[in-house]
Amino acid sequence: MGGDFIGRWRAGSGRRTARQAKPGQYSAKVLACDSLLLSCVVVAGMATQTAWAETAAPAATSETVLRQPEVQKPAPEAAVQMPEARKSSHEAKDLPVPQLVLPGDLAKQIGRKIWLNETGGRRDAITSWNANEEFASLGIGHFIWFPVGKWLPFEESFPALLEFMRKKNVRLPAWLDQTQIPANPWTSRAEFRRNANSPQMKELRQFLLDTVAEQTQFMVARAQGAMEKILKTTPDGTEREHIVIQFTRVVRASENFYPLIDYINFKGEGTNPNEVAMNSETGRRQGWGLKQVLLRMNGVTADPKAVRAEFADAAQFVLQQRVRNLPSNRVFEVGWLRRVATYRRPIADPGSSPERAPRKSLRVTAAR
């Protein structure tokens, strides 16, 4: 945080010289001058005391003035910290990327919104295994958890979530709190559903219901880490600069980082070489993650409404491009576009309960 520097000037000590006077000369003048000088000293002393009193007394007032912009902000509020740009290199890691900080209360509210997006806010859907998928989807963000022996072209996020929470001193269920997070013990969707009311599943479900804020903070950390991945996979310096500029615009336009957090959880960073589709017309392989959305943006305005709309438009373009490249994904298009449309405006009632979900769920199944 910047502050004002307040300095006080001190008069230097000078040497006063006087000419030699003959005895008796200028005595009246000297007395008059001495009298005048004494009066000036008294007045100056009184002024100095007043000035010191005015300067020293309102120390709290000075502090209040310096902190006034913070007092005016609503609480809780997400914070954006801009690191200083490093001077030594043109590498991607040297570009200044905003650091995201989300207060706990706000994290819980945003987590509930994401939960609505993923499952319609249904409590039982916090542990799910969607049809035509080979893995479980858990938590408010439907974090992927592979069963034993399954290695799929998606990022397995549930073990990473548990490791993150363990580092934050969150107590995990004993059967999950192992040196290495275990694989999904249910090997198929049918087995998963048969065990929907088993002690393990009930414990897992309650654990996820109790850690909405922590799951959201994991997504914030993922959003922060996404930029490192994106910049490392972007060799072109101009593109790297463009990505950072657009990322910064979106961060500053969304007081709770919701569009970024949700989209990364929804469609990833856009750096996985397996998460691409071939454009039949150009022969180019095209992704659909945050990287591709930021590259699509090209605005310069700082108006929050305009920036959020631009981000939503870019996300819509990237997702429709995916549908063109993978026509089988068309079944998901309406739900995807409805979801990114929520990025256009601030969350009207972020504290609303997930049980008040809209009649039509925004849940997206299968294609990631």
Main-chain N/O of [Y] paired with [X] side-chain donor or acceptor, under 3.5 Å:
X: Q217; Y: L102; answer: yes
X: R296; Y: V318; answer: no
X: N130; Y: E133; answer: no
X: Q286; Y: A277; answer: no
X: R205; Y: T127; answer: no
X: S198; Y: M201; answer: yes
X: Q292; Y: G289; answer: yes
X: T216; Y: V212; answer: yes
X: K229; Y: N272; answer: no

What's the shortest heavy-atom distance between [X] and [Y], and which atoms?
X: V307; Y: A302; result: CG2-C, 4.2 Å
X: A125; Y: H142; result: O-NE2, 3.5 Å
X: P273; Y: R285; result: O-NH2, 3.4 Å
X: I261; Y: N256; result: CD1-O, 3.8 Å
X: A315; Y: V340; result: CB-CG1, 4.0 Å
X: R166; Y: Q178; result: NH1-O, 2.6 Å

When you compare the side chain of [Y] with that of [X], does any pair of heavy atoms fall below 4.5 Å?
X: E333; Y: L319; answer: no
X: V293; Y: F317; answer: no
X: D262; Y: R339; answer: yes
X: T282; Y: N279; answer: yes
X: P159; Y: W145; answer: yes
X: L176; Y: P182; answer: yes
X: I243; Y: M227; answer: yes
X: L290; Y: L294; answer: yes

Distance, nearest 0.5 Å, that separates [atom1] of [X] from [atom2] of [Y]:
X: F218; Y: T211; atom1: CZ; atom2: OG1; value: 12.0 Å
X: S157; Y: L162; atom1: OG; atom2: CG; value: 10.0 Å
X: Q320; Y: N329; atom1: CD; atom2: CG; value: 12.5 Å

Is a donor from one side chain sitting under 3.5 angstrom from an acceptor on the other, for [X] and [Y]?
X: Q109; Y: R112; result: no
X: Q215; Y: W115; result: no
X: N298; Y: Q246; result: no
X: Q316; Y: D313; result: no
X: N195; Y: E191; result: no
X: T234; Y: K291; result: yes

### Query
Do F158 and F146 have ring centroids that are under 6.0 Å from one another?
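Ring centroids of F146 and F158 are no less than 6.0 Å from each other.
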### Task
I would like to know whether K305 and D303 meet salt bridge (Lys or Arg N to Asp or Glu O under 4.0 Å); could you show each step before the answer?
CA-CA 6 Å; K305 184 177 180 180; D303 177 65; over 6 Å; no
### Message
Would you say CD of E228 has more than 12 non-hydrogen atoms from neighbouring residues, nucleotides or ligands within 6.0 angstrom?
### Response
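Open: at most 12 neighbouring heavy atoms sit under 6.0 Å from CD of E228.
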### Task
Report, as yes or no, whether the 6.0 Å neighbourhood of atom CZ on R344 holds more than 12 heavy atoms from other residues, nucleotides or ligands.
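Above 12, so yes.
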Should [X] and [Y] count as an ion pair when the cut-off is N to O under 4.0 Å?
X: E310; Y: R249; value: yes
X: R222; Y: E269; value: yes
X: E163; Y: K167; value: no

### Task
Starting from the C-alpha separation in whole Å, work towards a yes-or-no answer on side chain to side chain contact (heavy atoms under 4.5 Å, CB included) for Q99 and Q224.
CA-CA 7 Å; Q99 304 298 302; Q224 191 73 64; 3.6 Å; yes
Please answer: with hydrophobic residues joined when any side-chain heavy atoms are less than 4.5 Å apart, are [X] and [Y] in the same cluster?
X: L231; Y: I245; answer: no
X: I181; Y: W186; answer: yes
X: M278; Y: V323; answer: no

### Task
Please step through side-chain hydrogen bond (donor to acceptor under 3.5 Å, both in side chains) for the pair W175 and E203, ending with a clear verdict.
CA-CA 10 Å; W175 58 281; E203 185 180 22; 3.0 Å; yes
### Message
Using a 6.0 Å distance limit plus a 45 degree cone around the ring axis, check whether R322 lies over the aromatic ring of W288.
### Response
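Yes, a cation-pi geometry holds between R322 and W288.
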### Message
Could you check whether R252 makes a cation-pi contact with F257, meaning its NZ or CZ is under 6.0 Å from the centre of the six-membered ring and within 45° of the ring axis?
### Response
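Cation-pi check for R252 and F257: fails.
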### Task
Could you check M297 against V250 for side chain to side chain contact (heavy atoms under 4.5 Å, CB included), going step by step and ending with a plain yes or no?
CA-CA 10 Å; M297 297 176 66; V250 178; 3.8 Å; yes
#### Entry: Chi angles and distances behind the side chain to side chain contact (heavy atoms under 4.5 Å, CB included) call for T187, F192
CA-CA 7 Å; T187 58; F192 185 89; over 6 Å; no
### Query
In terms of the angle between their ring planes, are Y263 and Y343 parallel, tilted or perpendicular, with boundaries placed at 30° and 60°?
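Geometry flag for Y343 against Y263: perpendicular rings.
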### Query
Step by step, would you call E118 with N265 a side-chain hydrogen bond (donor to acceptor under 3.5 Å, both in side chains)?
CA-CA 10 Å; E118 289 286 357; N265 180 69; 3.3 Å; yes
### Query
Taking it one step at a time, do E134 and R189 satisfy salt bridge (Lys or Arg N to Asp or Glu O under 4.0 Å)?
CA-CA 7 Å; E134 299 180 76; R189 182 172 185 260; over 6 Å; no
### Task
Evaluate the criterion side chain to side chain contact (heavy atoms under 4.5 Å, CB included) for residue pair F135 and F143; output intermediate values, then yes/no.
CA-CA 10 Å; F135 48 80; F143 305 109; over 6 Å; no
